[in-house]
Amino acid sequence: MTGIRSRTAASSSDPAEERRLGRAFFDRPTVGVARELLGARLRVTAHGLTREVRLVETEAYLRGDEASHAFRGPTRRNRSMFGPPGSLYVYRIHQVVCANLVTRRGEAVLLRAGALLAAGDETATGPGRLCRALGVRIEDDGVDVTVGSRVAVFARRVRPRRIGVGARVGISRATERPLRFWIDGDAAVSRPRPALRPGR
DNA sequence: GAAAAGATTACCT
DNA sequence: GGTAATCTTTTCC
């Protein structure tokens, strides 16, 4: 189709190795999903344009987690977090939007950074920039990524050698929990904020 | 209805 | 290192 699409297909999307992640992948404990999404590919098609990233940084938000938007139960904004596993939860913060993948009811994985596959491996660092780079919009809130062609997630082909673990970014409660994960040593992860310091 | 806060980012010193 | 921008949702009175 488009030039970008064919470059993507030629360089990184061997159809023989595409394995789309389905409901069962997301219907598991959230920390495991957050870790296994590292290296997975997220593909978004909007306005006839397809963009794709390899995820390199994620965060888990759990039940009973004071930092989670779902902590006080469903509201208009967070209702997608209570949808089926594999739902997209997109919320607006200041002037940007951020995207999560819902796991089990009321839990989700925030997508913090990814390497853009069709743009010379440029990195989209930060959840707002990641969504902007992919073309994710607030209207994508609630989209089921396990069906349809708008948004799809594909399993990683190789397990990351080392996964960094640290505190989540930008929260004011439950700030110490080691629920942020990144591919340690990956070229796309330049310096993803310090890991949780032992004993502090 | 009013006020505060925010899972961010860009720009400042 | 710190803070302003900027606006929707949530919370409180």
Side-chain angles (χ1 to χ4, degrees), chain A residues 26 28-38 40 42 44 46 51 53-116 119 122-143 145 151 153 163-184 188-197 200:
Chain A
F26 296 101
R28 295 182 302 135
T30 301
V31 167
V33 174
R35 296 174 67 103
E36 289 182 39
L37 280 173
L38 296 175
L42 176 67
V44 178
R51 288 174 277 202
V53 298
R54 181 173 55 90
L55 296 171
V56 298
E57 185 182 0
T58 62
E59 284 179 0
Y61 287 87
L62 311 177
R63 282 186 84 73
D65 176 357
E66 289 195 317
S68 170
H69 288 172
F71 181 62
R72 297 177 192 284
T75 64
R76 186 157 81 188
R77 175 177 70 157
N78 70 17
R79 68 188 189 284
S80 297
M81 277 189 79
F82 297 87
S87 297
L88 212 52
Y89 165 46
V90 182
Y91 67 90
R92 188 191 298 275
I93 175 77
H94 295 270
Q95 286 310 100
V96 300
V97 299
C98 304
N100 299 249
L101 288 166
V102 175
T103 55
R104 289 177 169 170
R105 183 175 176 76
E107 303 198 345
V109 175
L110 174 67
L111 310 177
R112 284 203 65 89
L116 292 160
E122 180 187 340
T123 304
T125 306
R129 291 194 208 107
L130 179 64
C131 283
R132 193 178 59 186
L134 280 171
V136 172
R137 301 166 302 172
I138 192 66
E139 302 94 277
D140 295 315
D141 183 40
V143 164
V145 307
V151 184
V153 187
I163 294 178
V165 181
R168 294 172 293 184
V169 174
I171 55 176
S172 58
R173 290 175 295 192
T175 56
E176 304 285 307
R177 300 187 69 176
L179 293 174
R180 183 169 57 92
F181 309 97
W182 65 88
I183 301 180
D184 201 15
V189 182
S190 52
R191 186 115 185 124
R193 308 211 185 199
L196 205 60
R197 293 185 183 180
R200 296 201 55 116

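What you see below is based on every heavy atom in this structure, not just the backbone, and it leaves out hydrogens, waters and symmetry mates. In this text, all values refer to a predicted model and were calculated from it rather than measured experimentally. Proteins come first, then strands; the chains are lettered A, B, ... in the order of their sequence lines, and each starts at number 1.
For A:His69 and B:dT8, the NE2 to P distance is 8 Å, given to the nearest whole Å. When rounded to the nearest whole Å, the span between OH of A:Tyr61 and P of B:dG6 equals 12 Å. Regarding A:Glu59, its CD atom lies at a distance of 12 Å from the C1' atom of B:dT8, rounded to whole Å. For the pair A:Tyr89 OH and B:dG6 C1', the computed distance is 11 Å after rounding to whole Å. Distance CG (A:Leu110) to C1' (B:dG6): 13 Å, rounded to an integer number of Å.
The shortest heavy-atom contact between A:Asn100 and A:Ala108 is CB-CB, 3.8 Å.
Phosphate proximity of B:dT8 to A:Arg112: present, with a side-chain N or O under 4.0 Å from OP1 or OP2. Regarding contacts with the backbone of B:dA10, a side-chain N or O of A:Arg129 is found under 4.0 angstrom from either OP1 or OP2. One finds a side-chain N or O of A:Ser172 lying less than 4.0 angstrom from the OP1 or OP2 phosphate oxygen of B:dG6.
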Using distance only, find each side-chain donor-acceptor pair of residues 164-171 of chain A under 3.5 Å and give its atom names and separation, not counting sequence neighbours.
unit_1	atom_1	unit_2	atom_2	d
A:Arg168	NH1	A:Ala60	O	3.0
A:Arg168	NH1	A:Asp65	OD2	2.5
A:Arg168	NH2	A:Asp65	OD1	3.2
A:Arg168	NH2	A:Asp65	OD2	3.4
A:Arg168	NH2	A:Ala174	O	3.3

Can you give each donor-acceptor pair under 3.5 Å made by side-chain atoms of residues 82-94 of chain A, sequence neighbours left out, with the distance rounded to 0.1 Å?
unit_1	atom_1	unit_2	atom_2	d
A:Ser87	OG	A:Pro84	O	2.7
A:Tyr89	OH	A:His69	ND1	2.7

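Under the salt bridge (Lys or Arg N to Asp or Glu O under 4.0 Å) criterion, A:Arg137 pairs with A:Glu139, not counting sequence neighbours. Listed by chain and residue number, nothing satisfies the salt bridge (Lys or Arg N to Asp or Glu O under 4.0 Å) test with A:Asp141 (two or more places apart in sequence, or in another chain).
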- Message: Each nucleotide in nucleotides 7-13 of chain C should get exactly one letter: B, S or -. Can you fill that in based on protein heavy atoms under 4.0 Å?
- Response: SSSSS--

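Contact of the A:Leu37 side chain with the A:Val153 side chain is registered, since non-hydrogen atoms from C-beta on lie closer than 4.5 Å. The closest side-chain heavy-atom distance from A:Val53 to A:Leu116 is below 4.5 Å. Residues A:Met81 and A:Ser68 form a side-chain contact, since some pair of their non-hydrogen atoms from C-beta on lies under 4.5 Å apart. At least one side-chain heavy atom of A:Leu62 sits under 4.5 Å from a side-chain heavy atom of A:Glu107.
Separating the C1' atom of B:dC11 from that of C:dT8 is a span of 23 Å, rounded to the nearest Å. A gap of 22 Å separates the C1' atoms of C:dG1 and B:dA7, to the nearest Å. Of the P atoms belonging to B:dA2 and C:dT6, the separation is 23 Å, rounded to the nearest Å.
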- Message: Both atom distances under 3.5 Å, Watson-Crick or G-U wobble: I'd like the secondary structure of DNA chain C as a dot-bracket string, with | for pairs made across strands.
- Response: |||||.||||||.

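A:Ile171 comes within contact range of the sugar-phosphate backbone alone, with a heavy-atom separation under 4.0 Å but no base atom that close.
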